[in-house]
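Protein chains get the first letters and strands the later ones, always in sequence-line order, with residue 1 at the start of each. The structure presented is a predicted model; accordingly, all values stated were derived computationally and were not measured.
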Protein chains: 2
Amino acid sequence: MIDQRLQMLRMVAHHGTVTAAAEALRYTPSAVSQQLKQLSRELGVVLLEPEGRQVRLTSAARSLLRHADTLFAEWERARAELARHVDEPSGALTMCGFSTAAAALLPPAVAGLRDRFPRVRVETIEAEPSECYELVFAGRADLAVVLLTPTTPSLSDPRFDQRRLFDEPLDLLVHPEHRLAEHATVSLAETAEEAWIVARPGTTYHQLTMASCASAGFTPNVAHYANEWETGTALVAHGFGVALVSRLARWSGQHSVVRIPLRGDPIPARRILAVTRAGAGTSPTLDHALGMIGATAEELIGAMADQRG
Amino acid sequence: MIDQRLQMLRMVAHHGTVTAAAEALRYTPSAVSQQLKQLSRELGVVLLEPEGRQVRLTSAARSLLRHADTLFAEWERARAELARHVDEPSGALTMCGFSTAAAALLPPAVAGLRDRFPRVRVETIEAEPSECYELVFAGRADLAVVLLTPTTPSLSDPRFDQRRLFDEPLDLLVHPEHRLAEHATVSLAETAEEAWIVARPGTTYHQLTMASCASAGFTPNVAHYANEWETGTALVAHGFGVALVSRLARWSGQHSVVRIPLRGDPIPARRILAVTRAGAGTSPTLDHALGMIGATAEELIGAMADQRG
DNA sequence: GAAAACCATGTAGGAACGCTGAATGATTGA
DNA sequence: TCAATCATTCAGCGTTCCTACATGGTTTTC
């Protein structure tokens with residue numbers, strides 16, 4: 001509804017190269033290049049300038065993008081309002097989320113949506129938070145459940161509406177005979193000298209562990225890298241170190257480990273966000289999905305409180 | 001930039017029929033009908049319903065139109081801001097206005113624009129106020145100088161930005177030997193018994209005369225209909241009646257008539273407006289055009305004050 | 001009350017638009 | 001220096017979208 005070429009320009013701005021933008025939009029670089037050239041001609045302003053083997057956006061392009069964000073958000077609002085005019089919503093709704101969220105929050109939402117809107121095809125995609133933003137931005141997903149990290153887009157990014165769902169506390173995972181194993185709670189600072197098991201660099205979860213330790217005043221002494229909960233738990237169970245796990249994380253239970261809630265002010269936690277395209281939030285199906293996810297989140301918070309007490 | 005089909009829908013809403021909308025957009029009715037049908041399919045809502053031999057907009061369509069107005073206005077703002085990023089504006093700027101305005105206000109603006117922006121092709125169209133709104137709405141003109149009348153779109157119409165330029169006082173035109181000819185000013189109520197020369201019904205000027213007399217408490221006794229100032233003046237000069245002329249109206253001067261300023265509270269006047277598409281006002285060329293017209297208007301107001309004194 | 005005018009919509013054909021794929025040139029990193 | 005990455009151009013082709021004409025229904029007119 002809004003000229004495709006504006007979305008192309010947004011993608012180029014976001015990815016930095018024509019090629020990556022084309023890939024995100026499932027076009028060839030050739031198509032994006034031609035379209036943006038023509039857009040530039042039509043508007044009478046230069047939008048892209050060569051910079052090395054890439055392109056750089058001109059100030060005119062950046063000015064245009066600000067308005068483009070407004071336009072796309074307004075169109076999302078229009079779509080959402082139109083969706084209220086149909087008796088029986090149909091079409092597709094795609095949700096995405098990172099592993100824990102995808103496991104804990106999305107399935108109840110899918111069930112609720114199928115129940116309430118039987119004609120809507122509901123799909124989910126498990127993806128890293130950064131990819132989740134991509135999916136929502138590109139329109140291939142309508143809703144994402146992600147973590148707040150320093151690398152995610154700003155909460156005021158005009159392309160997205162982001163709302164806090166809940167804060168998931170973090171626990172320390174130790175061997176049953178570890179010196180801290182009997183503690184009811186533990187502060188992260190007490191673990192500064194421990195051997196650590198963390199996820200591999202580049203993953204969201206690695207960032208989280210490093211950031212948590214950094215805010216507790218130390219850099220973890222990393223002994224092992226493990227991306228899966230299962231692997232990390234096994235390493236802890238063998239006494240190779242301690243690890244950080246989020247409260248909702250689940251694994252097989254084959255390994256004997258102790259989970260100790262962290263204390264602190266604030267309590268170390270990761271913030272869970274629901275992300276939609278700006279303006280899209282008021283469509284009935286998305287509204288319902290957000291409601292279901294929020295309710296599930298509240299339930300989980302309740303369960304977490306029980307555990308803690 | 002905004003999907004053409006939204007403009008088609010806006011035109012159907014404005015004109016009431018697919019055929020008239022198509023004509024305004026220089027399409028065939030078939031094209032408009034097909035496009036709107038496809039739009040309806042894509043959005044999953046019914047937009048048009050048959051009503052007699054015409055169509056009626058559904059509530060979904062009206063909802064969509066509200067957002068469409070916002071979208072188009074935002075795009076105009078984007079275009080205007082982009083125009084600030086080019087060193088030497090080019091392209092075309094079309095202004096339109098009703099006869100007096102076209103004669104008095106537009107030529108200085110054209111001259112000023114040509115001087116300031118030599119590469120911009122400036123064009124003018126003389127048209128009735130209602131047609132002026134059409135031209136601006138359809139994008140075939142960028143600026144219109146019109147009269148405020150009861151039939152023009154509301155000042156808060158989201159499709160337009162309308163600003164007051166000035167109020168043009170009205171004068172009574174009488175034969176040199178008329179009983180009122182020696183008066184310095186005259187109130188419209190004193191002319192209730194006169195024979196009147198008015199423009200033909202359906203014209204803006206007819207409306208103006210009838211409305212002015214109505215607000216003075218009488219219905220004019222119409223003796224002759226004349227659309228051109230020249231003809232009306234000739235009739236007055238032959239003693240066939242009195243007529244209303246606006247202060248800026250000019251004619252050949254062959255006919256011997258007396259022009260008497262009207263008095264009253266407020267002084268009978270017609271309000272001159274500058275109309276642009278919503279959001280378009282900040283482009284450099286349009287900004288300059290508005291400035292020129294405003295300046296010319298102020299000069300004329302000054303000249304009018306001199307005349308009156 | 002029948003005919004004419006008006007209006008929306010459907011179908012078929014043609015023009016224009018927009019995409020793909022391969023080729024080119026330029027830059028960066030190994 | 002060679003390979004990889006990136007933007008851009010050109011030719012070709014499929015899709016989209018408009019026009020022209022025809023149809024069916026409604027309103028107005030004589």
| Taking 5' to 3' order, which nucleotide of DNA chain D is first and which is last to have an atom within less than 4.0 Å of a heavy atom in chain B? |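 Contact span on the strand: D:dC17 to D:dT28.
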| For B:Q7 and B:R10, does a side-chain donor sit closer than 3.5 Å to a side-chain acceptor? |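 Indeed, the side chains of B:Q7 and B:R10 share at least one donor-acceptor pair under 3.5 Å.
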| Can A:Y133 and A:Q162 be counted as having a side-chain donor-acceptor contact under 3.5 angstrom? |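 Yes, side-chain donor-acceptor contact under 3.5 Å.
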| So, for A:A127 and A:L135, which heavy atoms are closest and what is the spacing to 0.1 Å? |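 Reported closest heavy-atom pair: CB-CD1, 4.2 Å.
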Would you kindly give the [atom1]-to-[atom2] distance between [X] and [N], to the nearest whole Å?
X	N	atom1	atom2	answer
B:R56	C:dA8	CZ	C1'	15 Å
B:Y27	C:dA8	OH	P	18 Å
B:E23	C:dC7	CD	P	9 Å
B:Q4	C:dC17	CD	P	12 Å
A:Q35	C:dT20	CD	P	10 Å
A:R53	C:dT24	CZ	C1'	16 Å
A:Q54	C:dT27	CD	P	13 Å
B:Q38	C:dT9	CD	P	14 Å

Any base atoms under 4.0 Å from [X], or only sugar-phosphate, or nothing? Heavy atoms, all strands.
X	value
A:T17	sugar-phosphate
B:R26	sugar-phosphate
A:E51	nothing
B:T19	sugar-phosphate

| said: If you assign each of B:S33 and A:G52 to its closest nucleotide in DNA chain C, which residue comes earlier from the 5' end? | reply: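 Residue closer to the 5' terminus by nearest nucleotide: B:S33.
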| said: By nearest heavy atom, map B:Q34 and A:Q34 onto DNA chain C; which one lands nearer the 5' end? | reply: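 Its nearest nucleotide being more 5', the pick is B:Q34.
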| query | Are OP1 or OP2 of C:dT11 and a side-chain N or O of B:S30 less than 4.0 angstrom apart? | reply |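 The answer is no; no side-chain N or O of B:S30 sits under 4.0 Å from OP1 or OP2.
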| field | Cation-pi check, A:R277 onto A:F72 ring (under 6.0 Å, within 45° of axis) | value |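 So A:R277 doesn't make the cation-pi contact.
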| query | Is there a side-chain contact between A:T204 and A:T149 (heavy atoms, below 4.5 Å)? | reply |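 Sidechains of A:T149 and A:T204: in contact.
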| Is the number of heavy atoms from other residues, nucleotides or ligands under 6.0 Å of A:E23 CD greater than 12? |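 Open: at most 12 neighbouring heavy atoms sit under 6.0 Å from CD of A:E23.
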| task | Describe, in one word, how the ring planes of B:Y225 and B:H206 are oriented to each other, choosing from parallel (under 30°), tilted (30 to 60°) and perpendicular (over 60°). | result |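 Ring orientation of B:Y225 relative to B:H206: tilted.
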